[in-house]
Peer 1: 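The following block contains the structure, expressed as structure tokens.
Within every chain, numbering begins at 1; the chains are lettered A, B, ... in the order of the sequence lines, protein sequences first and strands thereafter.
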Number of protein chains: 2
Amino acid sequence: MQALSEIRSARPAVRGRLCACLDASATGRIQAAAGDLRLNGGETVYAAGTAADAVFGIRQGAVALTNRLADGRRQVLAFLFGGDTFGFSADGTHGDSAETLGGTSLCRIPCSVIDQDRALLANLRAAAQAMLAAAWQHQVLLGRMTAFERVYRFLSDLWVRLGRPTELHMPMKVADIGDHLGLRPETVSRGLARLRRDGTIGPWNADGFIPVIDPGRLFPPRAAA
Amino acid sequence: MQALSEIRSARPAVRGRLCACLDASATGRIQAAAGDLRLNGGETVYAAGTAADAVFGIRQGAVALTNRLADGRRQVLAFLFGGDTFGFSADGTHGDSAETLGGTSLCRIPCSVIDQDRALLANLRAAAQAMLAAAWQHQVLLGRMTAFERVYRFLSDLWVRLGRPTELHMPMKVADIGDHLGLRPETVSRGLARLRRDGTIGPWNADGFIPVIDPGRLFPPRAAA
DNA sequence: CGGTTCTTTGACGTGCATCAAATCCTGTGG
DNA sequence: CCACAGGATTTGATGCACGTCAAAGAACCG
């Protein structure tokens with residue numbers, strides 16, 4: 001993987017700045033071909049089963065990738081934020097749906113454009129591998145952690161991903177978190193209540209932020225209660 | 001519980017011909033650079049945290065990709081078989097461990113070789129995307145399915161992956177399946193017992209095969225490839 | 001305001017984990 | 001060939017973590 005050094009520089013910290021539309025390597029031709037998209041919350045970017053003919057980058061906002069069973073059970077595969085790329089597929093059809101969480105602006109790059117650009121293809125490969133690593137981490141969470149550990153790890157990971165801010169931006173609902181962690185909303189709520197009780201976080205305020213009161217407790221070198 | 005036909009509703013993961021060493025596109029130069037590797041069962045191909053400087057293809061046999069928590073809890077991320085490729089990484093370090101299940105022969109292609117071959121890079125991208133799709137499917141299983149549904153889906157998916165044979169090759173232990181499905185070995189055993197009782201499968205015989213007695217029950221009509 | 005939707009909290013039920021013991025399997029040695 | 005030991009699987013009994021049900025707040029919006 002020659003690109004390793006490139007990938008590393010393209011992915012500074014934990015999560016890459018992989019949004020091709022924001023990447024410095026994007027040529028003028030590509031920037032011209034990239035369409036802009038502004039959506040309100042709760043809108044569908046694409047649905048499972050439709051043709052995957054473009055890749056999306058998040059300029060600002062948040063997106064949930066989801067999958068459903070026939071009886072309505074839902075799994076949130078990932079929450080994505082500014083700078084993340086999504087929508088690529090191995091077989092030309094989306095296996096997942098993507099929906100916005102709050103107002104979101106996206107850029108859309110058709111596959112026809114991507115296929116002609118080596119740098120973008122390398123970025124896509126890196127993005128797919130980073131998402132695979134994240135999906136595998138999440139499998140450990142879903143398969144082997146208790147309810148409280150899941151809630152705790154979710155906040156901890158999110159805090160690192162968002163750059164260790166003093167307030168976590170949480171555009172999603174409690175039920176969405178539950179669908180991500182394999183829990184019922186009531187159970188997520190109880191986990192958050194416990195973290196509030198022990199002084200790790202503050203109350204989830206009205207405009208969608210959770211204050212981080214004790215970062216040391218949110219991110220110990222690696223332990224679980 | 002839920003009708004078996006609906007369990008299948010989520011789209012099965014796509015699986016490519018991904019083993020670069022077996023791929024027709026591999027040039028003579030690459031075949032020369034690819035090293036051969038023969039391992040017995042229970043051996044480690046690579047461990048989490050080590051440098052990811054090569055990609056592996058399975059010529060024959062089976063491999064489990066695993067991840068562990070500090071206290072020993074284990075998650076099997078994926079079972080891989082002949083033709084599958086693994087070992088690539090987004091950041092130059094393995095985030096998972098790979099161990100053989102029974103005698104296995106591998107080919108090993110150093111990253112330095114891969115980086116110079118566009119066809120191989122494209123294969124790697126496809127492999128990463130196919131694995132991502134599979135990992136996402138598995139998230140639905142881990143997050144939203146009952147114990148019996150997990151066992152059923154595991155056998156059903158494996159049957160399709162292996163080409164709908166009359167006997168399923170099962171080189172792994174019950175405990176490994178449990179670590180893959182987020183269940184205890186006792187629970188996996190009860191699931192298999194139920195499928196045996198209702199005539200879907202036969203008894204797991206001594207040399208590691210499970211006969212498929214009623215394919216229609218194992219794969220009810222609904223999902224296509 | 002009143003209706004709607006979401007979150008929180010409490011009380012209760014259940015599916016799977018846990019614990020325990022019987023059985024089977026495999027290799028080793030007599 | 002049988003005897004035996006160690007490990008894996010199976011089966012049963014019990015307990016608990018989380019799901020489910022229910023109802024009471026909050027936030028939002030006309």
Side-chain angles (χ1 to χ4, degrees), chain A residues 40-42 64 69 71-76 101-103 141-155 168 170-197 201-210 224-225, chain B residues 1-2 7 40-42 64 69 71-76 101-103 141-155 170-197 201-210:
Chain A
N40 292 319
L69 297 177
D71 61 2
R73 282 178 288 181
R74 186 173 85 129
Q75 178 69 29
V76 170
L101 302 165
L141 182 148
L142 290 171
R144 288 294 176 229
M145 288 190 185
T146 67
F148 178 70
E149 286 172 336
R150 297 183 202 192
V151 173
Y152 170 83
R153 275 294 296 252
F154 173 68
L155 288 187
L168 286 170
M170 304 276 292
M172 71 291 283
K173 301 176 188 177
V174 171
D176 294 326
I177 300 174
D179 285 341
H180 188 45
L181 303 182
L183 301 171
R184 302 277 112 192
E186 296 93 325
T187 306
V188 173
S189 177
R190 283 181 236 267
L192 293 174
R194 177 168 159 194
L195 288 168
R196 235 177 282 127
R197 227 177 299 124
I201 58 174
W204 192 333
N205 67 43
D207 40 324
F209 284 85
I210 294 183
Chain B
M1 213 214 28
Q2 157 79 10
I7 298 174
N40 292 320
L69 296 176
D71 61 3
R73 281 177 287 182
R74 187 173 85 129
Q75 177 68 30
V76 170
L101 302 165
L141 182 148
L142 291 171
R144 287 296 176 226
M145 287 189 186
T146 67
F148 177 70
E149 286 172 336
R150 296 183 203 193
V151 173
Y152 170 82
R153 272 294 296 250
F154 173 67
L155 289 188
M170 304 276 293
M172 71 291 283
K173 300 177 187 177
V174 171
D176 294 327
I177 301 175
D179 284 343
H180 188 45
L181 303 182
L183 302 171
R184 304 275 108 194
E186 296 94 324
T187 306
V188 173
S189 176
R190 284 181 235 268
L192 293 174
R194 176 168 158 193
L195 288 167
R196 233 177 283 125
R197 228 177 299 123
I201 58 174
W204 191 336
N205 67 42
D207 39 325
F209 285 84
I210 294 183

Peer 1: Measure CG/B/Asn205 against P/C/dC25 and give the value in whole Å, please.
Peer 2: 11 Å
Peer 1: Less than 3.5 Å between a donor and an acceptor, one on the side chain of A/Arg190 and one on the base of D/dG19, is that the case here?
Peer 2: no
Peer 1: Can you tell me the distance, in whole Å, between the CG atom of A/Leu183 and the P atom of C/dT7?
Peer 2: 14 Å
Peer 1: Can you work out whether A/Arg144 or A/Pro185 has the more 5'-proximal nearest nucleotide on DNA chain C?
Peer 2: A/Pro185
Peer 1: Scan A/Gly208 against the nucleic acid and name what it touches under 4.0 Å (heavy atoms): base, sugar-phosphate only, or nothing.
Peer 2: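 Since no nucleic acid heavy atom lies under 4.0 Å of A/Gly208, the category is nothing.
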Peer 1: Tell me: CE of B/Met145 to C1' of C/dC16, nearest whole Å?
Peer 2: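 Whole-Å distance recorded here is 17 Å.
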Peer 1: Applying salt bridge (charged side-chain N to carboxylate O under 4.0 Å, His left out) to B/Arg144 and A/Asp179, what does each step give before you reach the verdict?
Peer 2: CA-CA 8 Å; B/Arg144 287 296 176 226; A/Asp179 285 341; 2.8 Å; yes
Peer 1: Between A/Gly182 and A/Asp207, which is nearer to the 5' end of DNA chain D once each is assigned its nearest nucleotide?
Peer 2: A/Gly182
Peer 1: Would A/Leu183 and A/Val151 satisfy side-chain contact (heavy atoms from CB on, under 4.5 Å), going step by step from the backbone distance to the final call?
Peer 2: CA-CA 9 Å; A/Leu183 301 171; A/Val151 173; 4.1 Å; yes
Peer 1: Side-chain N or O of B/Ser189 less than 4.0 angstrom from OP1 or OP2 on D/dT9?
Peer 2: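 For D/dT9, neither OP1 nor OP2 has a side-chain N or O of B/Ser189 closer than 4.0 Å.
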Peer 1: For a quick check of understanding: with a heavy-atom distance under 4.0 Å over all strands, which category does A/Arg196 fall into, base, sugar-phosphate or nothing?
Peer 2: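 Sugar-phosphate only.
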Peer 1: What nucleotide, of D/dT20, C/dC16, C/dT18, holds the atom closest to the side chain of B/Ala147?
Peer 2: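 Comparing D/dT20, C/dC16, C/dT18 against the side chain of B/Ala147, the answer is C/dC16.
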Peer 1: Using whole Å, report how far CZ of B/Arg194 lies from C1' of D/dT11.
Peer 2: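 Answer to the nearest Å: 17 Å.
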Peer 1: What does A/Leu192 touch in the nucleic acid at a heavy-atom separation under 4.0 angstrom: a base, only the sugar-phosphate, or nothing?
Peer 2: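 It contacts nothing in the nucleic acid.
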Peer 1: Considering only side-chain heavy atoms of A/Thr146, which listed nucleotide, C/dT7, D/dC18, D/dT10, is closest?
Peer 2: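 For A/Thr146, the side-chain atoms sit closest to D/dC18.
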Peer 1: Does a side-chain heavy-atom distance below 4.5 Å link B/Leu142 with B/Arg150?
Peer 2: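 With C-beta onward as the side chain, the pair touches.
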Peer 1: Starting at the 5' end of DNA chain D, which residue's closest nucleotide do you reach first, A/Arg184 or A/Trp204?
Peer 2: A/Arg184
Peer 1: Select base, sugar-phosphate, or nothing to describe what B/Gly191 touches, counting heavy atoms under 4.0 Å on all strands.
Peer 2: nothing
Peer 1: Do A/Asp176 and A/Arg74 touch side chain to side chain, with heavy atoms closer than 4.5 Å?
Peer 2: yes
Peer 1: For the pair made of CD in B/Glu149 and P in C/dG15, what is the distance, rounded to whole Å?
Peer 2: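 Spelled out: CD on B/Glu149 to P on C/dG15 is 12 Å.
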Peer 1: Any side-chain heavy atom of B/Phe154 sitting closer than 4.5 Å to one from B/Val188?
Peer 2: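 No; the side chains remain at least 4.5 Å from each other.
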Peer 1: D/dT9 C1' sits how many Å from B/Leu195 CG, rounded?
Peer 2: 16 Å
Peer 1: The side chain of A/Lys173 is closest to which nucleotide in this list: D/dT9, C/dC6, D/dC18?
Peer 2: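 So the nucleotide nearest the side chain must be C/dC6.
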Peer 1: Between A/Met172 and A/Met170, is there a side-chain heavy-atom distance shorter than 4.5 Å?
Peer 2: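 With C-beta onward as the side chain, the pair touches.
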Peer 1: Confirm from the modelled atom types if A/Glu186 and D/dC21 form a donor-acceptor pair under 3.5 Å, side chain to base only.
Peer 2: yes
Peer 1: Round to a whole Å and report the spacing from CZ of A/Phe148 to P of D/dC16.
Peer 2: 20 Å
Peer 1: For B/Ile177 and D/dA8, what is the distance between atoms CD1 and P respectively, to the nearest whole Å?
Peer 2: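 Going from B/Ile177 (CD1) to D/dA8 (P), I get 14 Å.
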